[in-house]
Amino acid sequence: KFKGIIFDLDGVITDTAEYHYIAWKHLAKKLDIEIDREFNETLKGISRSESLEKILINGDKEKKYTEKEKEELADSKNDYYLTLLEKLTPNDVMENIVETLKYLKENNIKVALASASKNAPLILDKLELRDYFEVIVDPSSVKQGKPAPDIFLEGARLIGLNPNDCIGVEDSEAGVIAINDSNMLSIGIGSEENLNHADVVIPSTKILKGTIENLM
Ligand code: B16
Ligand code: MG
C-alpha cells in the first residue's frame, strides 16, 4: 500500500538527544543558564538556532545578543556536540531499526531521512546506515522547520512519491504534526500522551518492523 517511508533521525534511528542535551548544558552553564532534562524535551526536532533562542529566554532577559554572537554560541555548542559524536558506533542504532531498513530494502520501499540535524549525514555514516537511505533531506534547503511539513514534503518529492503514498516516523510532537500536515500516515514513537496526534503510536522502535508490515 505504501511506497515510501520517511524517517526522523534523533529519537528514531539513534538517541542523540542525550548528546544534544550535554552539549547545550555545557554552553548554558557558561551563560549562567540552568536547563534540565524536562526542558530538553522541548528542543527535540527543533533546529539548532531555534534551540538556542529557547535557551536564551531562560537567561538574563536584559542581555541582548547580536546575530553574530548567537552564531558563535550555536557554533560552540556544535563543536562540543561533534566531540561527543566521535563516540557514536553502529551499536548506538536503536533496536529493530536495522531489521526494519533491511525489510524496506527487500520490498523496494523507498527510504528518506527528514532530520532537522545538519549533522545527519555524518551520524548515518558513523552508524553505518548511509546506504539504506536514498535521500537525506538538507534541512537548510527547506523554508520552515518542524512542525511545518516542509521537510517531509521535500523528502517525498526527492524520492518521487506522493505524500499520500508515504509513512513518516517521528518521536517528537513537532515532527508528528509535520507528518500529519504533509498528508502522510504518521507513526509516533513514544508515549500516547505526548504523541496523541499520531495515526499510530508505538512505545519504542522494538516493534517498528512489525508495525510497518501490518500497514503494508
Ligand atoms: P543539529 P531530528 C534534531 O534531530 C534534534 O532532535 C534537535 O534536538 C536538534 O537541535 C536538531 O536536530 C538540529 O541538530 O544541531 O545537529 O543541526 O529529531 O530532527 O532528527
Ligand atoms: Mg526526533
Side-chain angles (χ1 to χ4, degrees), residues 5-28 35-56 70-88 92-94 97 111-127 129-130 133 135-142 144-155 167-180 182 184 186-191 194-195 197-198 201-202 204-205 208:
I5 307 249
I6 306 194
F7 286 94
D8 172 46
L9 178 66
D10 176 27
V12 174
I13 305 284
T14 189
D15 194 9
T16 31
E18 184 64 20
Y19 294 150
H20 280 295
Y21 175 59
I22 296 168
W24 281 127
K25 210 172 163 65
H26 182 80
L27 178 81
I35 60 168
D36 57 19
R37 282 208 160 70
E38 196 187 323
F39 173 77
N40 191 51
E41 288 300 306
T42 68
L43 303 182
K44 289 191 175 173
I46 304 295
S47 74
R48 198 181 305 164
S49 55
E50 278 177 277
S51 302
L52 177 66
E53 295 291 348
K54 278 182 179 257
I55 288 167
L56 294 179
K70 285 190 220 170
E71 220 170 275
E72 283 163 7
L73 291 173
D75 283 349
S76 112
K77 179 266 175 177
N78 195 54
D79 288 344
Y80 193 74
Y81 177 63
L82 287 174
T83 68
L84 300 174
L85 287 187
E86 277 169 28
K87 286 184 258 175
L88 215 60
D92 297 304
V93 179
M94 290 171 88
I97 291 297
V111 176
L113 190 80
S115 167
S117 174
K118 293 180 178 161
N119 298 302
L122 168 81
I123 294 170
L124 286 187
D125 277 343
K126 298 212 84 141
L127 300 174
L129 295 179
R130 182 79 172 247
F133 291 83
V135 158
I136 301 173
V137 183
D138 174 2
S140 56
S141 73
V142 296
Q144 295 187 77
K146 302 166 192 177
D150 304 28
I151 194 162
F152 283 93
L153 291 172
E154 183 62 0
I167 296 175
V169 188
E170 261 287 350
D171 68 310
S172 71
E173 194 193 358
V176 166
I177 294 169
I179 296 171
N180 290 348
S182 71
M184 296 180 191
S186 55
I187 299 182
I189 296 171
S191 71
N194 296 333
L195 303 174
H197 301 296
V201 181
I202 54 176
S204 87
T205 58
L208 185 59

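Counting starts at 1 for both ligands and their atoms, following the listed order.
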**OP:** Say whether Gly11 and ligand 1 are in contact under the criterion: heavy-atom distance to a ligand atom below 4.0 Å.
**Re:**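 Gly11 does not count as a contact of ligand 1 under the 4.0 Å cut-off.
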**OP:** Please state whether Glu50 comes within less than 4.0 angstrom of ligand 1, counting heavy atoms only.
**Re:**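 It does not, in that no heavy atom of Glu50 comes within the 4.0 Å cut-off of ligand 1.
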**OP:** Taking the side chain as every heavy atom from C-beta outward, state whether Leu52 and Lys77 have any pair of such atoms under 4.5 Å apart.
**Re:**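 Leu52 vs Lys77: side chains apart.
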**OP:** Please examine the side chains of Asn78 and Lys118, heavy atoms only from C-beta on, and report whether any two atoms are closer than 4.5 Å.
**Re:** no
Please determine if [X] has a nitrogen or oxygen closer than 3.5 Å to a nitrogen or oxygen of ligand 1.
{"X": "Trp24", "answer": "no"}
{"X": "Asn119", "answer": "yes"}
{"X": "Asn78", "answer": "no"}
{"X": "Lys118", "answer": "yes"}

Original post:
What atoms of ligand 1 come closer than 4.0 angstrom to any heavy atom of Asp8?
Top reply: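 Going through ligand 1 atom by atom, the ones under 4.0 Å from Asp8 are 2 (P), 18 (O), 19 (O), 20 (O).
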**OP:** Please could you name the atoms of ligand 1 that Leu9 approaches to less than 4.0 Å, counting only its heavy atoms?
**Re:**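 Reading through ligand 1 atom by atom, the close ones are 20 (O).
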Taking all non-hydrogen atoms of both residues into account, name the closest pair between [X] and [Y] and its distance.
{"X": "Phe152", "Y": "Gly175", "answer": "CE1-O, 4.0 Å"}
{"X": "Ile179", "Y": "Gly168", "answer": "CD1-C, 3.3 Å"}
{"X": "Ile151", "Y": "Ala116", "answer": "CD1-N, 4.4 Å"}
{"X": "Gln144", "Y": "Asp150", "answer": "N-OD2, 3.0 Å"}

Distance check, rounded to the nearest 0.5 Å: [X] atom [atom1] versus [Y] atom [atom2]?
{"X": "Leu127", "Y": "Ile13", "atom1": "CG", "atom2": "CD1", "value": "8.5 Å"}
{"X": "Ile167", "Y": "Phe7", "atom1": "CD1", "atom2": "CZ", "value": "9.0 Å"}
{"X": "Ile189", "Y": "Leu208", "atom1": "CD1", "atom2": "CG", "value": "5.0 Å"}
{"X": "Ile55", "Y": "Trp24", "atom1": "CD1", "atom2": "CH2", "value": "4.5 Å"}

Quick one: look up the protein heavy atom nearest [atom] and list residue, atom name and how far away it is.
{"atom": "atom 5 (C) of ligand 1", "result": "Asp10 OD2, 3.3 Å"}
{"atom": "atom 8 (O) of ligand 1", "result": "Leu43 O, 3.1 Å"}
{"atom": "atom 15 (O) of ligand 1", "result": "Arg48 NE, 2.8 Å"}
{"atom": "atom 19 (O) of ligand 1", "result": "Ala116 N, 2.8 Å"}

Original post:
Could Glu173 and Lys44 be called an ion pair, given the rule that one side-chain N must be under 4.0 Å from one carboxylate O?
Top reply: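 No, no charged N to carboxylate O under 4.0 Å.
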Subject >> Listed protein N/O/S atoms, distance to the Mg ion (ligand 2) under 2.8 Å >> reply: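 For the Mg ion (ligand 2), the protein N, O and S atoms that sit under 2.8 Å away are Asp8 OD2, Asp10 O, Asp171 OD1.
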Is ligand 1 under 4.0 Å from a heavy atom in the side chain of [X], in the backbone, in both, or in neither?
{"X": "His20", "answer": "side chain"}
{"X": "Ile46", "answer": "backbone"}
{"X": "Ser51", "answer": "side chain"}

Subject >> Working for side chain to side chain donor-acceptor pair (under 3.5 Å), residues Asp92 and Thr14 >> reply: CA-CA 6 Å; Asp92 297 304; Thr14 189; 5.7 Å; no
**OP:** Over 60° means perpendicular and under 30° means parallel, so classify the ring planes of His26 and Tyr80, tilted if in between.
**Re:** parallel
**OP:** Kindly identify the option in Ala23, Ala114, Ser115, Ser117 whose heavy atom sits closest to atom 14 (O) of ligand 1.
**Re:**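 Among Ala23, Ala114, Ser115, Ser117, the closest heavy atom to atom 14 (O) of ligand 1 belongs to Ser117.
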Original post:
More than 12 foreign heavy atoms under 6.0 Å from CD of Glu71: is that the case here?
Top reply: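 No, because the 6.0 Å sphere around CD of Glu71 holds 12 heavy atoms or fewer from other groups.
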